[in-house]
Amino acid sequence: MAKGLRKSLTSYGDDEFSLFLRKAFIKAMGYSDDALNRPIVGIANTYSDFNPCHGNVLALIDAVKRGVMLAGGMPMAFPTISIHESFAYPTSMYLRNMMAMDTEEMIRAQPMDAVVLIGGCDKTLPAQMMAAASADIPAIVIPTGPMVVGHHKGEVLGACTDCRRLWGQFRGGQIDEAGIEAVNGRLAPSVGTCMVMGTASTMACIAEALGLTLSMAASIPAVHAERIRLAEATGKRAAEMAIAGGPLPSEILTQEAFRNAITVLQATGGSTNGVIHLTAIANRTDFPLKLAEFDEIGRHVPVLVDLKPTGDHYMEHFHHAGGMPKLLEQLGALIDGTAITVSGQPLSASIAAAEDVPGQDAIRARANPIKPEGSIAVLFGSLAPGGAVIKHGAATPALLTHTGRAVVFESIEDMAARGDHPDLDVEPDDILVLKNAGPKGAPGMPEAGYLPIPKKLARSGVKDMVRLSDARMSGTAFGTIVLHVTPESAAGGPLALVQNGDMIRLDVPARRIDLLVEEAELARRRQRLNEAEKQDRPERGYARLFHDSVLQADEGCDFDFLRQKK
Ligand code: FES
């Protein structure tokens, strides 16, 4: 098989000429023949002025390059899309598949024998792992790493669990304008990803559990020198993989690896977004995942990591407590240590090197869990025949079995317009319902599932209510919130039929979510719905592609034509 510069030759009908031309052009950059004859390690550069979570990417690239060269390879960085949560309209999830396609195609189009994928912010690692699964050349992931924590008036703060908590206090009138402005400057005190167990941290832990990173890659803070050394080691290992031709993602992303990743998702109290992303990655391999597997594994996996939003600590504390190797060690037989990693060694080698940190309380022992079962449950029922998820580890226990009256918002705009209106007919026992916020509906399934408590209830001290939608929720949020209702309302799911005043029953112990309305009445409503105007189909561009091709949440919201491995 062709290697180095001879790979992926541009098509001119004469391969030797293609190589001649390629070398002529690349020599314009000052490379020698010695350099150009080495195995090539591509490095995906996701630096962007719009992406503070990737603010250390250029330093990491320098270190990766050093490592590649120390091992005799030729590093070549190339740009891809970079997505930040707060700088992605309409929502970052809308762009994840575009980044996955961009990354996959640039890996294929350019000559590289291995690739280092540097990502971090919520959608970037998932997109890169989806790309790696499909491109299937030796690939190694290095997360940008979590931010260090912030401090405010003696309190430890972190993005973005505390962003939401303190914003809620501001809405409830417990914090004034000056107070919320001061907090705004302290929630994100360094470059790097959100330092709670949000989606970014969850996906970094999942990347390590899948075996796609070197050991400890998930947790080293973004600004620590240790992360730079990890990047150098990653570069070295990538060059070795380029020379050896493996291991390939298809050799690493096995059934055992995916079960390990689900176990870690549950044990970390990880983000519900992890369910969607992991499904999307798996569905590009020979080992697709079903939603029910997350629940089945979750029933036997305790939450051991004491991080916000389900616990008390932040990622740097998880790191100093021993990081992923320590967690995997504590999970014991729940982890399959035979799964191969990018190191070429089984995961058990990383576990064997786990550090013992006396007195640490961020990673619990199995005998002393935060919660006896995993943090995410999967619900089915008449309201969600294709499934829904709830992070019951971050919910109010008393609300996990609850029947209430639906207060319905037809769209995100409707919720924004009426949610805080003083005349809104809403009581603390009601269930807030949001429609048309799913993959097609919004579009892009925004993180709108954390429906704000209506102001008049928040001001009277209501902190949580059952909330339900086809949207996603930030991994940094908390509350009794049913998400990813499938099929979504814009695709004609039962959610589309819910009306104000309907009774809905949530029963998390029984894993049920049901709409308590007579079948005959639902049939009448469906008839009316079918007669109503269909949702507009975008006329052109990516919006059209997205609308026509995006799969539902239970299939990872990938595009239907990207599921197969090759
Ligand atoms: Fe990038 Fe939270 S906004 S990880």
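This is a predicted model, so every value here is computed, not measured.
- Met315 CE to Leu307 CG: the interatomic distance, rounded to the nearest 0.5 Å, is 6.5 Å.
- Although no hydrogens or angles enter the test, the distance criterion places no donor-acceptor pair under 3.5 Å between the side chain of Asp507 and the main chain of Arg512.
- Side-chain atoms of Met197 and Ser375, non-hydrogen and from C-beta on, never get closer than 4.5 Å to each other.
- A donor atom on one side chain and an acceptor atom on the other are found under 3.5 Å apart for Arg96 and His277.
- Inspection of the Asn273 and Arg472 side chains reveals an N or O donor paired with an N or O acceptor under 3.5 Å.
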Intermediate values then yes/no, side-chain hydrogen bond (donor to acceptor under 3.5 Å, both in side chains), Thr202 and Ser271: CA-CA 6 Å; Thr202 300; Ser271 164; 4.9 Å; no
Chi angles and distances behind the side chain to side chain contact (heavy atoms under 4.5 Å, CB included) call for Met129, Arg284: CA-CA 10 Å; Met129 289 190 277; Arg284 287 175 174 228; over 6 Å; no
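- The backbone N or O of Lys308 lies less than 3.5 Å from no partner atom in the side chain of Thr161, so there is not a single donor-acceptor pair.
- Taking 4.0 Å as the cut-off between side-chain N and carboxylate O, Arg525 and Asp502 count as a salt-bridged pair.
- With hydrogens and angles ignored, the 3.5 Å screen pairs no side-chain donor or acceptor of Asp420 with any backbone N or O of Pro454.
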Worked verdict on Arg505 versus Thr401 for side-chain hydrogen bond (donor to acceptor under 3.5 Å, both in side chains): CA-CA 8 Å; Arg505 183 171 59 222; Thr401 307; over 6 Å; no
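- A donor-acceptor pair is defined here as one N or O able to donate and one able to accept, closer than 3.5 Å; no such pair exists between the side chain of Lys440 and the backbone of Ser549.
- A distance of 10.5 Å separates CG of Leu432 from CZ of Arg405, quoted to the nearest 0.5 Å.
- With rounding to the nearest 0.5 angstrom, the CD atom of Gln266 is 8.0 Å from the OG1 atom of Thr268.
- Contact between Pro494 and Pro487 at its shortest, heavy atoms only, is CD-CD, 4.3 Å.
- Side chains of Thr272 and Thr199 form no contact here, defined as non-hydrogen atoms less than 4.5 Å apart.
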Verdict with supporting geometry, Met465 and Thr480, side chain to side chain contact (heavy atoms under 4.5 Å, CB included): CA-CA 6 Å; Met465 296 171 71; Thr480 312; over 6 Å; no
Return a table of donor-acceptor pairs under 3.5 angstrom between the side chains of residues 376-400 and protein atoms on other chains or two or more places apart.
{"from": "Ser382", "atom 1": "OG", "to": "Asp514", "atom 2": "OD1", "distance (Å)": "3.2"}
{"from": "Ser382", "atom 1": "OG", "to": "Leu515", "atom 2": "N", "distance (Å)": "3.0"}
{"from": "Lys391", "atom 1": "NZ", "to": "Gly269", "atom 2": "O", "distance (Å)": "3.1"}
{"from": "Lys391", "atom 1": "NZ", "to": "Gly270", "atom 2": "O", "distance (Å)": "3.3"}
{"from": "Lys391", "atom 1": "NZ", "to": "Gly475", "atom 2": "O", "distance (Å)": "3.4"}
{"from": "His392", "atom 1": "NE2", "to": "Gly374", "atom 2": "O", "distance (Å)": "2.8"}
{"from": "Thr396", "atom 1": "OG1", "to": "Asp464", "atom 2": "OD2", "distance (Å)": "2.4"}

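- Within a 6.0 Å radius of OH in Tyr89, other residues, nucleotides and ligands contribute 12 heavy atoms or fewer.
- Residues Asp162 and Tyr314 meet the side-chain proximity criterion, which asks for heavy atoms closer than 4.5 Å.
- Side-chain contact of His313 with Asp361: a donor-acceptor pair under 3.5 Å is present, judged by distance alone.
- Evaluation of the side-chain contact (heavy atoms from CB on, under 4.5 Å) rule for Ala471 yields Ala437, Ala448, Ser469 as partners, not counting sequence neighbours.
- The shortest side-chain heavy-atom distance between Thr263 and Ile335 falls under the 4.5 Å cut-off.
- In this structure, Glu296 does not pair ionically with Lys290, as no charged nitrogen and carboxylate oxygen lie closer than 4.0 Å.
- Taking 4.0 Å as the cut-off between side-chain N and carboxylate O, Arg537 and Asp548 count as a salt-bridged pair.
- Atoms CD and CZ, on Glu521 and Arg526 in that order, are 12.5 Å from each other to the nearest 0.5 Å.
- Checked by atom type and distance alone, the side chain of Asp414 pairs as donor or acceptor with a backbone atom of Glu410 at under 3.5 Å.
- No side-chain donor-acceptor contact under 3.5 Å links Asp560 to the backbone of Leu551.
- In this structure, Arg467 is positioned above the aromatic face of Tyr450, its NZ or CZ under 6.0 Å from the six-membered ring centre and within 45° of the axis.
- Inter-residue side-chain proximity for Cys194 and Cys121 is flagged as unmet; no heavy-atom pair is nearer than 4.5 Å.
- Side chain of Asp470 to backbone of Leu495: no donor-acceptor contact under 3.5 angstrom is found.
- Taking a 6.0 Å sphere around OH of Tyr542, one finds it holds more than 12 heavy atoms contributed by other residues, nucleotides or ligands.
- Between Phe170 and Trp167, the two ring planes are tilted [angle within 30° to 60°].
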Check against side chain to side chain contact (heavy atoms under 4.5 Å, CB included), His402 and Asp429: CA-CA 8 Å; His402 181 80; Asp429 283 345; 4.2 Å; yes
Chi angles and distances behind the side chain to side chain contact (heavy atoms under 4.5 Å, CB included) call for Leu157, Glu155: CA-CA 6 Å; Leu157 291 187; Glu155 193 185 357; 4.1 Å; yes
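- Listed for the Ser489 side chain is a donor-acceptor partner under 3.5 Å among the backbone atoms of Asn436.
- Residues Pro143 and Leu125 are in side-chain contact: their nearest non-hydrogen atoms beyond the backbone lie under 4.5 Å apart.
- Ring planes of Tyr94 and Phe546: tilted class, angle from 30 to 60°.
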Step-by-step salt bridge (charged side-chain N to carboxylate O under 4.0 Å, His left out) determination, Glu329 to Lys326: CA-CA 5 Å; Glu329 183 195 63; Lys326 188 67 189 172; 2.7 Å; yes
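- Using a distance-only test at 3.5 Å, with no hydrogens or angles considered, a donor-acceptor pair links the side chain of Arg511 to the main chain of Val508.
- Counting heavy atoms from C-beta outward, Phe294 and Leu265 have side chains that approach closer than 4.5 Å.
- For the pair Val408 and Lys435, the minimum side-chain heavy-atom distance is below 4.5 Å.
- Between the side chain of Gln552 and the backbone N or O of Glu488 there is at least one donor-acceptor pair closer than 3.5 Å.
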Derivation of the side-chain hydrogen bond (donor to acceptor under 3.5 Å, both in side chains) call for Asp554 and Thr486: CA-CA 7 Å; Asp554 62 332; Thr486 303; 4.7 Å; no
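- Here the CD1 atom belonging to Ile363 is positioned 6.0 Å from the CG atom belonging to Leu327, to the nearest 0.5 angstrom.
- In this structure, Thr91 and Pro446 approach most closely via the heavy-atom pair OG1-CA, 3.5 Å.
- Between Ser82 and Asn51, the side chains place a donor N or O and an acceptor N or O closer than 3.5 Å (distance only, hydrogens not considered).
- Nearest heavy atom pair, residue Leu424 against residue Gly419, reads CD2-O, 3.5 Å.
- Note that the NE2 atom of His84 and the SG atom of Cys53 stand 3.5 Å from one another [nearest 0.5 Å].
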